[in-house]
**Q** 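Just passing along the structure, written as structure tokens.
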Amino acid sequence: MRTVYVNGAYLPENEATISIFDRGFLMADGVYEVTSVLDGKLIDFEGHARRLSRSLNELDMANPISKDDLLEVHRELVRINEIEEGLVYLQVTRGSDGDRDFAFPAEDTPPTIVLFTQNKPGLADSPAARKGAKIISIEDIRWGRRDIKTVQLLYPSMGKMMAKKAGCDDAWMVEDGFVTEGTSNNAYIVKGNKIITRALSNDILHGITRAAVLRFAKEAQMEVEERNFTIDEAKEADEAFTTSASAFVMPVVEIDGTALGDGTPGRVAPRLREIYLDEMRKAAV
């Protein structure tokens with residue numbers, strides 16, 4: 001049984017509770033982060049802590065914990081639960097003042113903060129990454145502030161189920177004819193030695209893994225172009241991939257039934273995955 005963290009206390013998971021009036025439960029009024037663990041250490045914790053603060057600020061939500069204390073909680077959960085490879089999930093909500101109302105509760109209402117671990121042996125050496133992912137395209141009908149990492153994940157969940165029903169692994173969302181991002185990842189195509197991905201804006205999540213991978217790509221003398229691209233352009237690409245904190249760099253081998261190249265992972269994505277894992281392990285805390 002896992003030990004989890006709820007509002008300052010470490011508890012067995014079956015003893016962890018929050019109010020039924022919590023706004024995360026009633027209104028999806030909360031934000032979250034997921035930090036990977038490799039070799040018992042946290043991957044890019046600094047980036048996740050920084051994005052958490054930004055998300056909270058964008059929603060006028062109080063931060064219930066300092067960065068140093070948050071790091072300590074992450075490390076303690078990893079230690080107690082003996083996580084060598086896995087994830088730490090963090091969620092902060094606006095809390096509860098004891099009833100349901102559309103209006104925000106009083107400013108002195110304590111936020112709710114919960115963290116738990118997920119044990120994922122083989123996270124880095126993933127068979128899925130060696131095989132590559134098949135994706136479908138779906139319409140992007142989410143709200144306009146996708147740069148805030150909120151817990152409003154119903155449509156991305158529906159997108160993953162649409163992909164599963166089609167015999168595929170994931171979905172890329174399309175708005176006004178252009179790919180925004182995957183259901184839980186940033187999207188990329190590769191033409192020659194050029195990596196193409198949508199520029200940062202309110203339209204997509206500012207991926208922590210995205211920032212690191214693009215930095216490593218430039219250091220490896222790969223050209224990066226941040227611009228919109230279509231599904232048709234993606235189908236004509238040499239290869240494609242996604243990035244996320246839990247899957248790192250994932251090759252894409254098929255889009256809407258069209259194989260990319262010979263239908264196996266290309267050259268760029270596996271190399272970027274290798275570089276990312278090597279460099280992030282060195283910097284892990």
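Bear in mind the structure is a predicted one, so any value in this text is a computation, not a measurement. By convention here, the first residue in the shown sequence is residue 1.
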**Q** If you count the non-hydrogen atoms of other residues, nucleotides and ligands that lie under 6.0 Å from NZ in Lys41, is the total more than 12?
**A** no
**Q** Checking side-chain polar atoms at under 3.5 Å, does Lys160 have a donor or acceptor matched by the opposite partner on Ser184?
**A** yes
**Q** Distance-only, no hydrogens or angles: does the Arg273 side chain make a donor-acceptor pair with backbone N or O of Ala124 under 3.5 Å?
**A** yes
**Q** Is it the case that one hydrophobic cluster holds both Val213 and Phe248, taking links as side-chain heavy atoms less than 4.5 Å apart, direct or via other members?
**A** yes
**Q** Could you give the distance from CD1 (Ile18) to OG1 (Thr93), rounded to the nearest 0.5 Å?
**A** 6.0 Å
**Q** Are there more than 12 heavy atoms of other residues, nucleotides or ligands under 6.0 Å from atom CD of Glu13?
**A** yes
**Q** Using side-chain hydrogen bond (donor to acceptor under 3.5 Å, both in side chains) as the criterion, point out the one residue from Asp69, Asn63, Asp68 that pairs with Ser66.
**A** Asp69
**Q** Taking the six-membered ring for Trp, are Phe45 and His74 parallel (under 30°), tilted (30 to 60°) or perpendicular (over 60°)?
**A** perpendicular
**Q** Would you say the side chain of Asp169 lies within less than 4.5 Å of the side chain of Ile135, judging by non-hydrogen atoms?
**A** no
**Q** When you group the ILVMFWY residues by side-chain heavy-atom contacts below 4.5 Å and let the links chain together, are Val114 and Val4 in the same group?
**A** yes
**Q** Under 4.5 Å between side-chain heavy atoms, hopping through other hydrophobics if needed: is there a path connecting Phe216 to Val224?
**A** yes
**Q** Do Tyr276 and Phe241 belong to the same hydrophobic cluster, where Ile, Leu, Val, Met, Phe, Trp and Tyr are linked whenever their side-chain heavy atoms lie under 4.5 Å apart, directly or via other members?
**A** yes
**Q** Can any side-chain N or O of Arg210 pair as donor or acceptor with the backbone N or O of Thr243 at less than 3.5 Å?
**A** no
**Q** Taking Asn81 for its side chain and Thr3 for its backbone only, find out whether a donor-acceptor pair lies under 3.5 Å.
**A** yes
**Q** Under 3.5 Å, is there a donor-acceptor pair between the side chain of Glu239 and the main chain of Arg267?
**A** yes
**Q** If we ignore hydrogens and angles and just use 3.5 Å, is the side chain of Asn119 paired with the main-chain N or O of Ile83 as donor and acceptor?
**A** no
**Q** For a quick check under 3.5 Å, do Asp256 and Ser137 share a side-chain donor-acceptor pair by atom type?
**A** yes
**Q** Applying the 4.5 Å side-chain criterion to the ILVMFWY set and letting contacts propagate, would Ile148 and Tyr155 be lumped into a single cluster?
**A** no
**Q** Kindly say whether Thr264 contributes a backbone atom to a donor-acceptor pair with the side chain of Asp262 at under 3.5 angstrom?
**A** yes
**Q** In this structure, are over 12 heavy atoms from other groups packed under 6.0 Å from Glu219 atom CD?
**A** yes
**Q** Tell me whether the rings of Tyr5 and Tyr10 are parallel (<30°), tilted (30 to 60°) or perpendicular (>60°).
**A** perpendicular
**Q** Could you give the distance from CG (Leu260) to CD (Glu254), rounded to the nearest 0.5 Å?
**A** 8.5 Å
**Q** Near Glu72 CD, under 6.0 Å, is it more than 12 heavy atoms from other residues, nucleotides or ligands?
**A** no
**Q** Check this for me: Lys120, atom NZ, are more than 12 non-hydrogen atoms of other residues, nucleotides or ligands nearer than 6.0 Å?
**A** no
**Q** Please output the side-chain donor-acceptor pairs of residues 25-37 that fall under 3.5 Å, not counting sequence neighbours, one pair per line with the distance.
**A**
residue, atom, partner, partner atom, Å
Asp29, OD1, Arg94, NE, 3.3
Asp29, OD1, Arg94, NH2, 3.1
Asp29, OD2, Arg23, NE, 2.7
Asp29, OD2, Arg23, NH2, 3.1
Asp29, OD2, Arg94, NE, 2.7
Tyr32, OH, Lys149, NZ, 3.4
Glu33, OE1, His48, ND1, 2.8
Glu33, OE1, Arg51, NE, 3.3
Glu33, OE1, Arg51, NH2, 2.8
Glu33, OE2, Arg51, NE, 2.8
Ser36, OG, Ala245, O, 2.3

**Q** Give, for atom OG of Ser244 and atom CD of Glu181, the distance between the pair rounded to the nearest 0.5 Å.
**A** 11.5 Å
**Q** Tell me which donor-acceptor pairs under 3.5 Å the side chains of residues 102-110 have, and how far apart each pair is, sequence neighbours excluded?
**A**
residue, atom, partner, partner atom, Å
Thr109, OG1, Ala106, O, 2.8

**Q** Distance check, rounded to the nearest 0.5 Å: Leu205 atom CG versus Asp147 atom CG?
**A** 8.0 Å
**Q** Taking Arg146 as the fixed residue, which of Gln152, Glu175, His206 is the one that meets the side-chain hydrogen bond (donor to acceptor under 3.5 Å, both in side chains) rule?
**A** Glu175
**Q** Atom CD in Glu226, atom CG in Leu200: separation rounded to 0.5 Å?
**A** 6.0 Å
**Q** Are the side chains of Tyr188 and Val249 in touch, meaning some heavy atoms are under 4.5 Å apart?
**A** no
**Q** To the nearest 0.5 Å, how far apart are OG1 in Thr112 and CG in Asn7?
**A** 5.0 Å
**Q** Which Ile, Leu, Val, Met, Phe, Trp or Tyr residues join Met1 in one cluster when any pair of side-chain heavy atoms under 4.5 Å counts as a link?
**A** none
